[in-house]
2 protein chains.
Amino acid sequence: MRRTILSYGIAMAALIGLLKFVEYKFLIRDIPLEFYIGLVAVMFTAIGIWAGLRLTRPKVIEITGPFEQNEAALKETGISKREYEVLELIAAGLSNQEIAGRLFVSNSTVKTHVSNVLAKLDASRRTEAIANAKKMRIIP
Amino acid sequence: MRRTILSYGIAMAALIGLLKFVEYKFLIRDIPLEFYIGLVAVMFTAIGIWAGLRLTRPKVIEITGPFEQNEAALKETGISKREYEVLELIAAGLSNQEIAGRLFVSNSTVKTHVSNVLAKLDASRRTEAIANAKKMRIIP
DNA sequence: GCGAAATTCATACTTTTGGCCGATGCGCGT
DNA sequence: ACGCGCATCGGCCAAAAGTATGAATTTCGC
């Protein structure tokens with residue numbers, strides 16, 4: 001962990017150096033500052049995403065055994081791709097509001113999806129949907 | 001997806017605007033450009049991490065084979081016998097009313113038990129309680 | 001390209017759930 | 001006897017979840 005942080009520090013330093021260089025180049029050619037700032041923003045956003053995923057990855061990979069999904073059963077329910085995403089998040093214990101935030105849609109949309117999932121899984125509560133989906137082997 | 005990208009675009013635009021403002025402030029006070037750039041970098045790294053985490057889907061851990069209950073974890077939660085029964089029925093997808101019928105108690109009692117279970121599992125929704133309990137291996 | 005399916009969103013309504021209070025009775029150990 | 005945890009119940013309120021309906025877009029298979 002200490003090593004990891006150190007690595008990131010060095011990488012950051014290197015990047016700052018690179019930026020200085022780019023900055024020099026750009027300023028020489030009289031390219032507007034806004035453009036340069038935008039470039040920096042995009043670069044570091046990308047770095048942030050990358051770093052974020054790197055640092056959190058070890059936590060999520062905890063698969064104990066092979067989960068074989070019953071594709072047939074899933075298809076039979078008629079659950080769409082988006083609806084399945086919602087179902088996964090429901091099973092993860094998220095609220096409609098949280099799901100909306102995660103999927104970048106409105107609360108209304110999530111409710112629609114949830115309602116569809118409930119109907120397709122023959123359930124009237126999300127907890128029942130989870131139980132049914134598990135029984136049918138369409139979610140781990 | 002298009003919407004997602006659009007959202008980011010708008011968010012970016014807004015942030016650039018904010019940056020312009022900050023920039024103005026800083027330049028007025030003759031603070032070096034490097035500092036400003038660094039600020040931008042840090043900000044957008046943070047944004048990137050946030051976005052990355054937001055986009056990461058929660059991986060559901062799976063339990064295969066014989067279920068061996070983590071007695072220690074269960075004891076640690078302080079969940080009582082009756083509360084555990086309720087928890088099992090929650091996980092089975094029953095409503096409070098149904099649980100009340102199954103355990104021959106009133107709806108109020110079930111609600112009390114549910115509330116206690118939620119508190120002891122550090123959850124605020126029954127679905128979250130299920131997910132947590134599964135992670136802690138106190139229910140199959 | 002056309003049409004069906006999928007995705008998105010809103011509004012209004014009912015039901016369920018959860019939080020917070022207090023209260024009673026019962027058994028158990030000191 | 002007293003305190004303590006557990007189980008039981010009720011009321012009230014707010015938030016979340018679910019239902020129904022309608023509609024605008026987008027996507028995708030043919």
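Computed from a predicted model, the values in this text were never measured in an experiment. So that the names make sense, note that chain A is the first sequence line, chain B the second, and so on, each numbered from 1.
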### Message
Does any part of the side chain of A:Leu103, heavy atoms only, come nearer than 4.5 Å to the side chain of A:His113, both counted from C-beta?
### Response
no
### Query
Rounded to whole angstroms, how far apart are CD on B:Glu85 and C1' on D:dT8?
14 Å
### Task
Please identify each residue that fulfils side-chain contact (heavy atoms from CB on, under 4.5 Å) with B:Ala133, with sequence neighbours left out.
B:Leu87, B:Leu121, B:Ile138, B:Ile139
Got a list of protein N/O to nucleotides 5-7 of chain C N/O distances below 3.5 Å?
residue	atom	partner	partner atom	Å
C:dT7	OP1	A:Arg82	N	3.2
C:dT7	OP2	A:Ser80	OG	2.2

### Task
Indicate whether OP1 or OP2 belonging to D:dG11 is found under 4.0 Å from a side-chain N or O atom of B:Ser108.
no
#### Entry: Partners meeting salt bridge (Lys or Arg N to Asp or Glu O under 4.0 Å) with B:Glu85 (sequence neighbours left out)
B:Arg82
## Note on the structure
Rounded to whole Å, the CD1-P distance (B:Ile79 to D:dG5) equals 17 Å
### Task
Flag yes if more than 12 heavy atoms outside B:Glu88 fall under 6.0 Å of its CD atom; otherwise flag no.
yes
### Terminal helix-axis angle for the helix from C:dG1-D:dC30 to C:dT30-D:dA1, with five pairs defining each axis and rounding to 10 degrees
60°
### Task
Could you check how far CG of A:Leu121 sits from P of D:dG18, rounded to whole Å?
12 Å
### Query
Which salt bridge (charged side-chain N to carboxylate O under 4.0 Å, His left out) pairs, counting each pair once, include a residue from residues 96-118 of chain B, with sequence neighbours left out?
A:Arg125-B:Glu98
## Note on the structure
All heavy atoms of B:Ala91 vs all of A:Ala131, minimum pair found to be O-CB, 3.8 Å
### Query
Can you list the residues that meet the side-chain hydrogen bond (donor to acceptor under 3.5 Å, both in side chains) rule with B:Ser115, with sequence neighbours excluded?
none
### Query
When you look at A:Thr127 and B:Leu94, which way does the side-chain contact (heavy atoms from CB on, under 4.5 Å) test go after all the steps?
CA-CA 7 Å; A:Thr127 50; B:Leu94 303 200; over 6 Å; no
### Message
For nucleotides 15-28 of chain C, give me one character per nucleotide, 5' to 3': B if any protein heavy atom sits under 4.0 Å from the base, S if the only such contacts are to the sugar-phosphate, - if neither.
### Response
--SBB---------
### Summary
Rounded to whole Å, the CZ-C1' distance (A:Phe104 to C:dC9) equals 18 Å
### Task
Could you tell me which residues satisfy side-chain contact (heavy atoms from CB on, under 4.5 Å) with A:Ser108, sequence neighbours excluded, listed by chain and number?
A:Ser106
### Task
Please identify each residue that fulfils side-chain hydrogen bond (donor to acceptor under 3.5 Å, both in side chains) with B:Asn132, with sequence neighbours left out.
none
### Query
From A:Ile90 CD1 over to A:Asn96 CG, what is the distance, rounded to the nearest 0.5 angstrom?
7.0 Å
### Query
Between A:Glu98 (CD) and D:dA15 (P), how many Å, whole number?
16 Å
